[in-house]
Amino acid sequence: MDIRVQEAPFDYGAETARFTDTCAGVGAVVTFCGIVRNDGGAMDAMEIEHYPGMTERALTQIAEEAGQRWSLEGCLILHRYGRMAPGEKIMMVATASRHRADAFAGADFLMDYLKSRAPFWKKEFSGDGAAWVAAKDEDEAALGRWG
Amino acid sequence: MDIRVQEAPFDYGAETARFTDTCAGVGAVVTFCGIVRNDGGAMDAMEIEHYPGMTERALTQIAEEAGQRWSLEGCLILHRYGRMAPGEKIMMVATASRHRADAFAGADFLMDYLKSRAPFWKKEFSGDGAAWVAAKDEDEAALGRWG
Amino acid sequence: MTLEILYFAWLRERIGLSRETVTTDATTVAELVAELRGREERYALAFSDMSAVRVALDQDLSEFDAPLAGVREVAFFPPMTGG
Amino acid sequence: MTLEILYFAWLRERIGLSRETVTTDATTVAELVAELRGREERYALAFSDMSAVRVALDQDLSEFDAPLAGVREVAFFPPMTGG
């Protein structure tokens, strides 16, 4: 289990390769990467605030929960904080398993829980000023998929 | 849409990076990689046979179907044929979308259909000889998830 | 009519051919299979359990009761195991 | 009891503090919030709509009726928006 919370950019391709290489013997790897969108060029930057200490704790709990629900040989969660421009990669998760169903479900579960249970908050900056991103009802509702 | 059927190895990390870079403006990327397992060291090699012509056609149809069901900004399917050793990467898919749900569902769908609808056949070689891998009922059943 | 017939995986191995050109009066895939089965033991063996055989007509997955009219390429193979 | 209270995102901005040490007799989170709300307008504003506020006790998500006994760190923040 590899949990990282950092301000610095990360290399999605290189992390994917490294994660896969360290999960010897697996049959399936799934990765997810979240990227700062720029919807119509309206947004100049995004800033992510987090709760040092609780963040690592929450991500570890989410990864452990995933490992109890599915047969995972490896699990990576990497999430940035601080200021990011459109196009920058915000975070990634990766799961490895013997079978694809576990790898897919594990990654999907990590993302749903991370969205609503890990202490990150996004603020968007544009010509109009700054605004905190509101949580989506659909993100909270998504947790219901996992029973 | 990027469909590739090739004998040569591919670089999962580099393909992931390249795919993500070419999908400008997306918010979410999901990748899957299938790797030759070696369950207890029993298998020496795997050989994948395919149906040139139909393979590309089937993969294109599967990718088009995924694009009709979900909002995808990009879609990659890369599948090898020929002989591979345990640990070698067999194939990968990648999807890009504005939102994570579409990227996850699209990649999951591609894998389910590719497993049972693209003309690839696996043969395993071990000290005991060679044997064609039997299709799993669960793979055919998985198609039922998509209505 | 003249058809190009392709065999893959263990069907190819049992029949000992990857492709052959066949002239036939069969009007459906099922009739073609019956004709092939009657030819030689190796064909009868390859087509003994049709639940383990799939067919593609001109590179599209098809059914055994499908008509052969207009078809040029018929492929027989086991259930796919890619990915 | 003495508590370390942390505020994040717009709660931090509205209250104008990222953390403060508070001595209180409150026995639950709800009592603590009522006490903070009574202090100053900026607290009342920050805690005016509790459906938009989440709480963590010693870095575990919790509920407003949770007891404060034994707790050292209380954090208030809006619903999370990571990923």
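We name chains A, B, ... by the order of the sequence lines, and we start the count at 1 in each one.
With a 4.5 angstrom heavy-atom cutoff, A:Glu140 does not touch chain D via any of its atoms. Only the backbone of A:Ala134 comes within less than 4.5 Å of a heavy atom in chain D; its side chain stays farther off. Heavy-atom distances place the side chain of D:Ala56, and not its backbone, under 4.5 Å from chain A. For chain D, the nearby parts of A:Arg117 are the backbone and the side chain; heavy atoms of each come within less than 4.5 Å. When heavy atoms are compared at a cutoff of 4.5 Å, A:Ile48 does not approach chain D at all. Residue contact with chain D, scored on non-hydrogen atoms closer than 4.5 Å, involves the side chain of A:Lys123 exclusively. For a residue to count as touching a neighbouring chain, one of its non-hydrogen atoms must lie under 4.5 Å from one of that chain's; by this rule D:Arg12 touches chain A with the side chain only.
Considering D:Leu61, D:Leu6, D:Asp60 in turn, D:Leu61 is the only one that fulfils the side-chain contact (heavy atoms from CB on, under 4.5 Å) rule with A:Met54.
More than 12 heavy-atom neighbours from other residues, nucleotides or ligands sit within 6.0 angstrom of CG on D:Asp49. More than 12 heavy atoms of other residues, nucleotides or ligands sit less than 6.0 Å from atom CD of D:Glu4. A:Arg69 CZ: more than 12 foreign heavy atoms inside a 6.0 Å radius.
Here the shortest heavy-atom pairing between D:Tyr7 and A:Glu49 reads O-OE2, 4.4 Å.
The candidate with the highest count of non-hydrogen atom pairs below 4.5 Å against chain D, out of A:Phe120, A:Tyr81, A:Phe32, is A:Phe120.
Without hydrogens or angle criteria, A:His79 side chain to D:Gly83 main chain gives a donor-acceptor distance under 3.5 Å. No side-chain donor-acceptor contact under 3.5 Å links D:Thr81 to the backbone of A:Ala135. Not one N or O on the side chain of A:Trp121 forms a donor-acceptor pair closer than 3.5 Å with the backbone of D:Gly82.
Scanning for ring pair (Phe, Tyr, Trp, His ring centres under 6.0 Å) contacts around A:Phe19 gives an empty result, with sequence neighbours left out.
In this structure the side chain of A:Ser116 never reaches within 4.5 angstrom of the side chain of D:Met80, judged on heavy atoms.
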Determine, step by step, whether A:Trp132 and D:Glu13 satisfy the side-chain contact (heavy atoms from CB on, under 4.5 Å) criterion, reporting the C-alpha distance in whole Å, the side-chain angles of both residues, the deciding distance to 0.1 Å, and the verdict.
CA-CA 11 Å; A:Trp132 291 98; D:Glu13 291 179 340; 2.8 Å; yes

